[in-house]
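Step one of this worksheet: look at the structure below.
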There are 2 protein chains.
Amino acid sequence: MLQNHLQLTCNTMSTHTHLSAAESLITAQGGRVTRTRVAVLEILLAADQSLTHDEIGLALAEQGIKHDRVTLYRTLDWLVESGVAHKMAGDDRARRFGVAASGPHEHAHFHCDRCGKVVCLEGLQPAVAVNLPGGYQLDRAELVLHGACPTCGKGA
Amino acid sequence: MLQNHLQLTCNTMSTHTHLSAAESLITAQGGRVTRTRVAVLEILLAADQSLTHDEIGLALAEQGIKHDRVTLYRTLDWLVESGVAHKMAGDDRARRFGVAASGPHEHAHFHCDRCGKVVCLEGLQPAVAVNLPGGYQLDRAELVLHGACPTCGKGA
DNA sequence: GTGGTTTTGCAACATAGTAGCATTTGTGCC
DNA sequence: GGCACAAATGCTACTATGTTGCAAAACCAC
Ligand SMILES: [Mn+2]
Ligand SMILES: [Mn+2]
Ligand SMILES: [Zn+2]
Ligand SMILES: [Zn+2]
């Protein structure tokens with residue numbers, strides 16, 4: 001709300017060599033460093049929970065970053081395909097996006113069944129050693145814990 | 001395709017006292033035994049994988065059971081709310097429904113990342129003993145294994 | 001700076017799910 | 001069997017979320 005209106009005449013992106021965390025992440029994936037990508041990634045990095053397309057769009061708007069709905073979809077898809085972000089299909093029919101601050105996305109998630117919030121539980125991926133029925137090839141395990149988040153659980 | 005056209009003039013549902021598995025399940029939940037509910041539940045009971053709203057609707061149509069899209073949504077919702085069926089938000093944005101043939105829905109699922117198929121892994125729910133960050137109240141754990149199903153894994 | 005490729009914006013479309021309300025149907029009771 | 005009444009259905013319209021195609025703009029290597 002306060003730190004806007006800084007890049008009024010800046011149409012080529014990062015002219016100096018000092019890259020932010022978001023910027024380096026993007027270039028590391030071989031993508032172009034665009035206003036929307038950087039902003040979205042920074043929003044995701046700063047978030048303490050997974051965000052919907054809509055929430056991210058709102059955050060962008062609040063920062064005065066003009067963008068198109070479709071562009072945001074494509075940006076998020078790109079982040080997921082690049083392995084930078086992860087996508088979770090929620091119970092409500094909105095996908096939520098997040099980035100694992102540290103390394104690849106190998107951790108469990110907590111889903112609050114009351115407010116719908118989803119948080120990453122980094123450093124918590126129990127080695128699931130199950131014996132599948134024959135023929136099934138296991139790739140990865142996805143663990144989602146359901147319950148009440150600290151905010152929602154207060155009243156109980 | 002073959003066993004249709006049997007209840008042409010039968011407008012009150014089960015006049016004899018012998019109830020099918022689906023029918024007893026429905027009455028046990030305090031619901032009314034309707035044509036659509038019975039058929040849907042039987043379809044789900046017979047399925048070896050979770051089915052989408054659309055797939056179920058198609059199956060109903062094939063059985064000559066006239067129904068409305070909305071009714072099917074409501075029927076499925078009711079089955080889930082009653083605890084008879086379970087709902088899974090897939091990667092494609094279609095929810096898939098299934099019933100646990102035995103008892104309540106406490107098991108893991110396998111999701112084929114190639115064909116999108118989801119199967120219930122009954123009798124397989126590893127006791128997930130994780131220590132959550134403070135304040136979080138754990139209700140249940142949801143485990144989804146990702147990989148290739150027997151059909152899709154053949155080529156690999 | 002220029003050229004070529006990637007990314008964006010726009011408009012139109014598609015799919016999945018929801019809401020309100022009149023009509024029909026299942027069930028308990030006689 | 002027939003009645004009364006609540007529960008479930010069918011319809012129509014609507015919302016939310018995501019997708020496609022294509023021309024214009026923005027990045028970036030040179
Ligand atoms: Mn995560
Ligand atoms: Mn299941
Ligand atoms: Zn909550
Ligand atoms: Zn498969």
Side-chain angles (χ1 to χ4, degrees), chain A residues 7 9-17 19 22-24 26-41 51-58 60-61 65-82 87-97 116, chain B residues 7 9-17 19 22-24 26-41 51-58 60-61 65-82 87-97 116:
Chain A
Q7 72 269 23
T9 55
C10 160
N11 50 359
T12 169
M13 261 311 83
S14 56
T15 39
H16 48 34
T17 353
L19 297 175
E23 286 172 337
S24 359
I26 292 169
T27 47
Q29 303 303 324
R32 291 189 177 174
V33 179
T34 67
R35 209 179 25 157
T36 308
R37 278 192 185 158
V38 175
V40 167
L41 192 41
L51 301 174
T52 62
H53 168 276
D54 221 47
E55 292 166 336
I56 298 168
L58 205 76
L60 285 176
I65 295 178
K66 176 190 169 265
H67 67 285
D68 184 73
R69 232 165 51 85
V70 179
T71 301
L72 182 47
Y73 276 118
R74 291 199 270 234
T75 300
L76 290 168
D77 282 349
W78 182 82
L79 286 171
V80 172
E81 277 160 27
S82 308
K87 177 166 66 171
M88 280 220 16
D91 246 4
D92 59 346
R93 65 209 190 79
R95 301 169 183 177
R96 281 157 203 278
F97 298 84
Chain B
Q7 72 268 22
T9 56
C10 159
N11 50 359
T12 170
M13 261 310 84
S14 56
T15 39
H16 47 35
T17 354
L19 298 176
E23 287 172 337
S24 357
I26 292 167
T27 47
Q29 303 303 325
R32 290 190 178 174
V33 178
T34 68
R35 207 180 26 156
T36 307
R37 276 191 187 160
V38 176
V40 168
L41 193 41
L51 301 173
T52 62
H53 168 276
D54 222 45
E55 291 166 336
I56 297 167
L58 204 75
L60 285 175
I65 295 177
K66 176 190 170 269
H67 67 286
D68 183 73
R69 231 165 52 82
V70 179
T71 302
L72 181 47
Y73 277 118
R74 292 198 270 234
T75 301
L76 291 168
D77 282 350
W78 182 82
L79 286 172
V80 172
E81 276 161 29
S82 306
K87 177 166 64 172
M88 279 222 14
D91 245 5
D92 57 345
R93 63 207 191 82
R95 302 170 183 176
R96 283 157 201 278
F97 299 84

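Basis for what follows: all heavy atoms, side chains included, without hydrogens, waters or symmetry-related copies. Per chain, numbering begins at 1; letters A, B, ... match sequence-line order.
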Quiz item: What closest approach, in Å, do B:Ala89 and A:Gly90 show between heavy atoms, and which atom pair accounts for it?
Solution: CB-O, 3.3 Å
Exercise. Please examine the side chains of A:Glu55 and A:Arg96, heavy atoms only from C-beta on, and report whether any two atoms are closer than 4.5 Å.
Key: yes
Practice problem: Nearest-nucleotide wise, let me know which of B:Gly31 and A:Thr27 is further upstream toward the 5' end of DNA chain D. | Solution: B:Gly31
Exercise. Quick one: pull up CG in A:Asp54 and CZ in A:Arg95 and give me the separation to the nearest 0.5 Å.
Key: 14.0 Å
Self-check item: Spacing between A:Leu76 atom CG and C:dT7 atom C1', to the nearest angstrom
Solution: 14 Å
Quiz item: Taking only N and O in the side chain of B:Thr71, is any of them less than 4.0 Å away from OP1 or OP2 of D:dA8?
Solution: no
Quiz item: How many Å lie between CG on A:Asp68 and C1' on C:dA12, as a whole number?
Solution: 13 Å
Quiz item: So how far is it from B:Leu79 CG to B:Lys87 NZ, rounded to the nearest 0.5 Å?
Solution: 11.5 Å
Exercise. Calculate the interatomic distance between B:Arg37 atom CZ and C:dT25 atom P; express it in whole Å.
Key: 15 Å
Quiz item: Would a line drawn from the ring center of A:Phe97 to the ring center of A:His53 be shorter than 6.0 Å?
Solution: no
Quiz item: To the nearest angstrom, how far is B:Glu55 atom CD from C:dA16 atom P?
Solution: 10 Å
Quiz item: Mapping B:His53 and B:Arg32 onto DNA chain C by nearest heavy atom, which one lands closer to the 5' end?
Solution: B:His53
When you compare the protein's N or O atoms with those of nucleotides 19-21 of chain D, which come within less than 3.5 Å of each other, and at what distance?
unit_1	atom_1	unit_2	atom_2	d
D:dG21	O6	A:Arg74	NH1	3.4
D:dG21	O6	A:Arg74	NH2	3.4

Quiz item: CD1 of B:Ile65 versus C1' of D:dG10: gap in Å, rounded?
Solution: 16 Å
Practice problem: Starting from C1' on C:dT8, measure out to CZ on A:Arg35 and report it in whole angstrom. | Solution: 10 Å
Self-check item: Euclidean distance, B:Leu41 CG relative to B:Thr36 OG1, rounded to 0.5 Å
Solution: 12.0 Å
Quiz item: Heavy atoms, side chains only, cut-off 4.5 Å: are A:Trp78 and A:Arg74 in contact?
Solution: no
Quiz item: D:dT9 phosphate, OP1 or OP2: any side-chain N/O from B:Thr34 under 4.0 angstrom?
Solution: yes
Quiz prompt | Donor-acceptor under 3.5 Å (A:Arg37 side chain, A:Arg32 main chain) | solution = yes
Quiz prompt | Name of the residue among B:Val40, B:Thr75, B:Leu72 meeting side chain to side chain contact (heavy atoms under 4.5 Å, CB included) with B:His67 | solution = B:Leu72
Quiz item: Could you give the CG-to-P distance, from B:Leu79 to D:dA8, as a whole number of Å?
Solution: 11 Å
Quiz item: Considering the terminal five base pairs at each end of the helix from C:dG1-D:dC30 to C:dC30-D:dG1, what angle separates the two local helix axes, rounded to 10°?
Solution: 50°
Quiz item: How long is the line joining CG of B:Leu72 and C1' of C:dT18, in whole Å?
Solution: 14 Å
